[in-house]
Amino acid sequence: MASRFALLLLSLPAIMAALPARSQASPVNNWAEFRRAVAACWTVPPGTEGSLIAYRFGLDKTGAIRGKPLTTARQLVGDRDAQQQYEEAASAALSHCFPLKVTPAFGAILGESPIYLRFVNTKPTAAYQLNSNVTIFAPQ
């Protein structure tokens with residue numbers, strides 16, 4: 001019995017990765033809603049204050065990632081475990097959030113725009129958030 005429980009615990013990460021993206025109440029229709037939806041997918045690991053990771057990727061008109069996101073910037077703070085957890089948390093946010101349910105009109109915009117997405121574990125600052133340059137600040 002104990003070995004079955006241990007096997008279940010070991011396989012839990014694979015099970016979680018196979019789950020579909022988080023459900024949304026309504027489709028995303030603009031960049032502000034896009035930012036809120038992606039922020040809801042990110043869990044910030046402790047001990048990583050000051051870290052950031054940035055990606056560039058494309059989305060198709062259905063809100064699904066095209067290809068593999070490219071890491072364009074990385075500044076990791078904390079010990080080796082904290083740094084690894086930060087990278088994994090950002091990657092997990094992409095995996096769990098996409099495909100993102102979008103309206104047809106916003107999907108047409110997404111299909112034409114490269115996305116520049118930054119996960120930043122600092123206090124929020126003024127950021128230009130009206131287009132595909134999206135910064136997600138850690139919740140305070």
Side-chain angles (χ1 to χ4, degrees):
M1 182 71 155
S3 64
R4 284 185 186 173
F5 183 70
L7 182 60
L8 177 63
L9 285 178
L10 289 174
S11 60
L12 191 57
I15 293 168
M16 294 298 292
L19 293 175
R22 296 180 186 192
S23 65
Q24 300 165 226
S26 59
V28 170
N29 191 43
N30 58 51
W31 290 112
E33 292 174 7
F34 178 91
R35 187 174 61 256
R36 281 192 295 273
V38 175
C41 296
W42 184 37
T43 302
V44 183
T48 60
E49 293 75 15
S51 292
L52 75 83
I53 192 162
Y55 297 101
R56 184 181 76 214
F57 56 92
L59 295 174
D60 66 19
K61 64 183 179 178
T62 68
I65 293 178
R66 293 182 306 201
K68 182 179 177 188
L70 174 67
T71 303
T72 59
R74 179 184 294 124
Q75 176 182 328
L76 303 173
V77 177
D79 62 24
R80 178 173 281 170
D81 287 340
Q83 292 178 16
Q84 181 178 356
Q85 288 174 5
Y86 195 84
E87 283 195 89
E88 290 172 355
S91 179
L94 295 179
S95 296
H96 293 286
C97 213
F98 296 96
L100 196 62
K101 189 178 2 173
V102 298
T103 63
F106 192 59
I109 293 169
L110 291 176
E112 298 295 325
S113 305
I115 308 297
Y116 299 92
L117 177 64
R118 295 183 330 137
F119 291 102
V120 182
N121 190 0
T122 63
K123 293 181 181 178
T125 60
Y128 190 69
Q129 301 282 338
L130 300 177
N131 57 18
S132 61
N133 292 304
V134 179
T135 301
I136 307 296
F137 290 100
Q140 298 297 312

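The first residue of the sequence shown is numbered 1, and numbering continues consecutively from there.
Nearest approach of V134 to I136, heavy atoms of both residues: CG1-CD1, 3.8 Å. Annotation for L52 and L76: closest pair O-CD2, 4.1 Å, computed over non-hydrogen atoms. Here the closest heavy-atom approach between residue T122 and residue G50 is recorded as CG2-CA, 4.0 Å. The shortest non-hydrogen separation linking N121 to E49 is ND2-N, 3.4 Å. Residue R56 comes nearest to Y116 through the heavy atom pair CD-CE2, 3.2 Å, listed as atom of the first residue, atom of the second, then distance. Across all non-hydrogen atoms, the minimal contact from C97 to A37 is SG-O, 3.4 Å.
Although no hydrogens or angles enter the test, the distance criterion places a donor-acceptor pair under 3.5 Å between the side chain of S132 and the main chain of P114. Without hydrogens or angle criteria, Y86 side chain to G78 main chain gives no donor-acceptor distance under 3.5 Å. For S95 (side chain) and S91 (main-chain N/O), a donor-acceptor pair under 3.5 Å exists by modelled atom type.
Each of I65, T72, T71 was scored for a side-chain contact (heavy atoms from CB on, under 4.5 Å) with P69, with one residue passing: I65.
Here the straight-line distance linking atom OG1 of T43 with atom CD of Q85 works out to 12.0 Å at 0.5 Å rounding. The line from OG of S51 to CZ of R74 is 11.0 Å long, rounded to the nearest 0.5 Å.
Between F34 and F98, the ring planes lie tilted relative to each other; the angle falls in the 30° to 60° range.
Surrounding CD of E112 are at most 12 heavy atoms belonging to other residues, nucleotides or ligands under 6.0 Å away.
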Exercise for the section: With side-chain contact (heavy atoms from CB on, under 4.5 Å) as the test, would you mind laying out the steps for L110 and V102 before giving the verdict? Expected result: CA-CA 9 Å; L110 291 176; V102 298; 3.6 Å; yes
Handout entry: Working for side-chain contact (heavy atoms from CB on, under 4.5 Å), residues I115 and Y55
Key = CA-CA 8 Å; I115 308 297; Y55 297 101; over 6 Å; no
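Hydrophobic clustering of Ile, Leu, Val, Met, Phe, Trp and Tyr side chains at less than 4.5 Å, counting indirect connections, unites W42 with L94.
In this structure the side chain of F119 never reaches within 4.5 angstrom of the side chain of T48, judged on heavy atoms.
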